[in-house]
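The structure appears right after this line, and notes come after that.
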Amino acid sequence: MKKKIYIAGSGGMLGEAFYHQFKDEYEIKCTDKDVNESWLSFLDFRDLAAYKKDVTDFKPDYLFHVGAYTDLEFCEQNAEDTYATNTIAAENAVYIANALDIPVLYISTAGIFDGEKDLYDDWDLPNPLGVYARSKYMGERYVAENAKRFLICRAGWMMGAGPKKDKKFIQKLMKQLKEGKKELFIVDDKDGTPTYTHDFAKNVKALIQNEYWGLYNMVCGGQTSRLEVANELLKMLKLSDTVKITTVKSDYFKEIYFAERPLCERLVNRKLELRKVNLMQDWRVALKQYLDKYYQGYLN
């Protein structure tokens with residue numbers, strides 16, 4: 001008998017990786033309020049009664065609570081909606097998982113730190129700066145303080161799912177290149193750690209199979225910056241000679257990206273290393289795999 005996983009909020013870039021990494025070994029049910037795949041069914045996890053009924057009817061062995069608003073500017077402008085989606089819905093997941101006596105997975109973020117340190121391990125204390133970061137940190141805390149068994153996995157700069165669903169840095173650059181831009185304006189004052197969705201999903205699977213519950217940083221290997229990632233991307237695409245990178249400070253984009261962001265979001269997977277289950281690849285290796293898997297012919 002395959003074990004069963006209910007994956008809530010799985011219509012985005014991370015849900016796509018969870019679907020592909022878990023569908024063969026587990027019986028899964030994937031839901032989202034945006035039904036954009038044949039393998040998704042409708043559920044708004046902010047509706048506790050509907051959420052509880054759907055999960056209970058499926059009788060899963062695990063509840064993965066994956067979805068969240070991740071657009072920082074949207075979150076700043078829509079605080080109530082953000083807390084309902086990112087925080088209260090996570091509390092809903094804990095109620096349901098506890099009632100069914102099953103473990104719950106919550107996805108957290110490197111963005112909950114204030115950026116004052118050069119590197120954050122699993123035990124550093126978060127100090128969230130904006131609405132998005134607060135909403136995610138309060139969700140994280142509720143899960144850690146109230147769930148009977150839980151996994152909290154903190155991701156860094158997410159990349160995955162390709163042009164259709166990736167709304168983050170890599171796709172923003174790829175879109176500009178597809179439009180024929182010969183100059184990219186890249187900030188040189190933001191440090192962090194890329195996180196490939198497929199690596200992340202694989203590592204979650206390893207933790208579940210070992211029953212290593214708790215809180216884990218889960219990012220790709222290698223500390224880096226927006227600028228370094230952009231340079232590496234151009235190198236991999238063999239565009240270093242034809243596309244110019246102009247470095248700017250974050251203030252350059254303050255009209256578009258007005259939400260406060262930490263200067264440094266670099267995480268280190270200290271607990272995964274100590275438990276000897278760190279499956280996260282170096283970010284360059286992961287970036288190459290990502291481009292090969294999702295961007296074949298995209299720029300042609």
Pairing of [X] and [Y] as salt bridge, 4.0 angstrom limit:
{"X": "Arg270", "Y": "Asp121", "value": "yes"}
{"X": "Lys167", "Y": "Asp71", "value": "no"}
{"X": "Lys249", "Y": "Asp188", "value": "yes"}
{"X": "Glu228", "Y": "Arg284", "value": "yes"}
{"X": "Lys2", "Y": "Glu27", "value": "no"}
{"X": "Asp47", "Y": "Lys53", "value": "no"}
{"X": "Lys175", "Y": "Glu179", "value": "yes"}

For Ala90, give me all partners under side-chain contact (heavy atoms from CB on, under 4.5 Å), at least two apart in sequence or on another chain. His65, Tyr106
Listed by chain and number, what are the side-chain contact (heavy atoms from CB on, under 4.5 Å) partners of Arg261, not counting sequence neighbours? Leu72, Glu73, Lys190, Tyr257, Ala259
Any side-chain donor-acceptor pair under 3.5 Å between [X] and [Y]?
{"X": "Tyr6", "Y": "Thr31", "value": "yes"}
{"X": "Gln171", "Y": "Tyr294", "value": "no"}
{"X": "Tyr216", "Y": "Asn278", "value": "no"}
{"X": "Asp61", "Y": "Tyr26", "value": "no"}

Side-chain donor-acceptor distances from residues 18-25 under 3.5 Å, at least two apart:
residue	atom	partner	partner atom	Å
Gln21	NE2	His198	ND1	2.9
Glu25	OE1	Gln209	NE2	3.4
Glu25	OE2	Lys205	NZ	2.7

Suppose the criterion is salt bridge (Lys or Arg N to Asp or Glu O under 4.0 Å): which pairs have a residue in residues 157-166, not counting sequence neighbours? Glu37-Lys164, Glu37-Lys165
Name all pairs fulfilling the ring pair (Phe, Tyr, Trp, His ring centres under 6.0 Å) condition that reach into residues 127-149, sequence neighbours left out, sorted by first residue then second. none
Residues that Lys271 engages under side chain to side chain donor-acceptor pair (under 3.5 Å), provided they are two or more places apart: none
So do the side chains of Ile112 and Arg154 get within less than 4.5 Å of each other, counting heavy atoms only? yes
